[in-house]
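Have a look at the structure below before the remarks.
Numbering of ligands and ligand atoms starts at 1, following listing order.
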Amino acid sequence: MSGGGDTVNFLVRPSSVHNAECRVPGDKSISHRALMLSSLADGVTEVKGFLDSADCLATQSALAALGVTIESVGDMISISGLGARGFKTPDIPLDLGNSGTGLRLLTGLLCGQHVTAELTGDSSLRSRPMGRIIDPLVRMGASVKSNNGRAPLRVTACRELVGMTYVLPMASAQVKSAILLAGLGAKGSTTVIEPAPTRDHTERMLAAMGADIDVDGLSVTLHPGGTLQPVAMEIPGDLSSATFLIGAALLGNNVELVIRGVGVNPTRTGVLDILRQMGGNIELENSRLAGKEPVADIRVRSSQLLGIEVDPSLVPLAIDEFPMLFALAGCASGETVFSGLEELRVKESDRISAMADGLRALGVSVVESDDGARITGGSLTAGVVESRGDHRIAMSFAIVATRAAGPVRIRDVSNVATSFPGFAGLCRDLGVDIEETLNGG
Ligand code: S3P
């Protein structure tokens, strides 16, 4: 797509998706967990529907550097687990690229496995807060050094970790999972108590692999002991990726789009609740299970969206979908009020500010607050938007640009490949007038 140093942009012209059926790539959160947990399993795990995006491939390379053999054929991968305590000391720093999930979960896992390693990432990841995992891991007995609470992190094998009860200060599935993965190698039980429900893929996968794990409301307890057992895994389509296509269909010209085989775990479906409250016509069909994860086909019909006050209790259940929700609020009639979103400021970019600036560049009125924004929907003008190197900002503007009065250029979009390889091609197949251009083009 790009030569070294080139900036890739999207150029989107007014257009609409047409009536169609499609699929989206595998779930990013589940793909990361499949790699990490099967690396500890006692035997070979086959994973179907694995997301071969830059984020997951960075985790895959890190595990390879730790001695794990991973083979892939198409979207099928097989991971030869090393069992508990089988990792070798890596010869190189583990580079997790843009991936907070990769860095935070792997740090927790390595602390419990008595491995010495350095974990790092790109400039966005190196600017994100890591104190939230370092504090609990150190309380369990780990040695984790950082650059003032930021990556690079250095994990040093020292004494055996001891399980504990930890009350999470923020709703974060990454922090919860980092502690539970450390707990796999600790002496005694580890309990994590969340302030609100967050995605529970780690808990579901650990249970499927035979771990002794209890969930009681907002409290999760892992009792270590025994080796994880390999189980065949099928990874559903990523609802966070499907959200962009749902948005495109809602904004389309009287169209109906069916997205097949999408993960609809109730800790992820806040976006569907919010969009329905805004007037979105969205139905789930063929509900089924893939292993322990709920899956369905999603049928979306174009709808006139209305501004609402978004219930802050839905925030952790829709955490990655707010860029698209902000963009859709820009096209809704009336005002949409978002609050409780302070975590958005420490994602791949400051997503409140990135969305507010981008929407303003397209003529939408946005009043930003510390933890949210008030967006007055209306018509969008042509213009130029900065993605700030954030995949979800880039894709949200690519979709909403279909409703603008003229061409919209979205700058610096190559990180779309971290979560949704093939996004532009799929959008084009569905009818979106989208081009990938280089530099000023
Ligand atoms: C994720 C948890 C969320 C989410 C991220 C993926 C995970 O992060 O934003 O994209 O896979 O556990 P936080 O735990 O920081 O909220």
Could you tell me whether R388 and E348 have a side-chain N and a carboxylate O separated by less than 4.0 Å?
no
Measure the shortest side-chain to side-chain distance between L82 and F87 over non-hydrogen atoms and say whether it is less than 4.5 angstrom.
yes
Greater than 12 external heavy atoms within 6.0 Å of E71's CD
no
At what distance is the nearest protein heavy atom to atom 11 (O) of ligand 1, and which residue and atom is it?
S29 OG, 2.7 Å
With side chain to side chain donor-acceptor pair (under 3.5 Å) as the criterion, how do T101 and H32 come out once you've worked through the C-alpha distance, each side chain's angles and the decisive distance to 0.1 Å?
CA-CA 7 Å; T101 306; H32 278 296; 4.8 Å; no
Heavy atoms only: which of R128, E343, Q174, H32 lies closest to atom 2 (C) of ligand 1?
Q174
Heavy-atom contacts with I319 under 4.0 Å: which atoms of ligand 1 show up? List them by number with element.
9 (O)
To check your reading of the model: name the closest protein heavy atom to atom 10 (O) of ligand 1, its residue, and the distance in Å.
D320 OD2, 2.6 Å
For V366, is there any backbone N or O sitting under 3.5 Å from a side-chain donor or acceptor partner on R360?
yes
Distance-only N or O hit between ligand 1 and S177, under 3.5 Å:
no
Please round to the nearest 0.5 Å and tell me the distance separating atom CD1 of I235 and atom SG of C56.
8.0 Å
Could you tell me whether K292 and D200 have a side-chain N and a carboxylate O separated by less than 4.0 Å?
no
I'd like the name of whichever of R33, K347, K176, R199 reaches closest to atom 13 (P) of ligand 1 through any heavy atom.
K347
List every atom of ligand 1 that sits less than 4.0 Å from any heavy atom of A173, numbering the atoms from 1 in the order shown and giving each element.
12 (O), 14 (O)
Note the single closest protein heavy atom to atom 6 (C) of ligand 1, along with its residue, its atom name and the distance in Å.
T101 OG1, 3.3 Å
Pull out every atom of ligand 1 sitting under 4.0 Å from any heavy atom of S172, numbered as shown with elements.
13 (P), 14 (O), 15 (O)
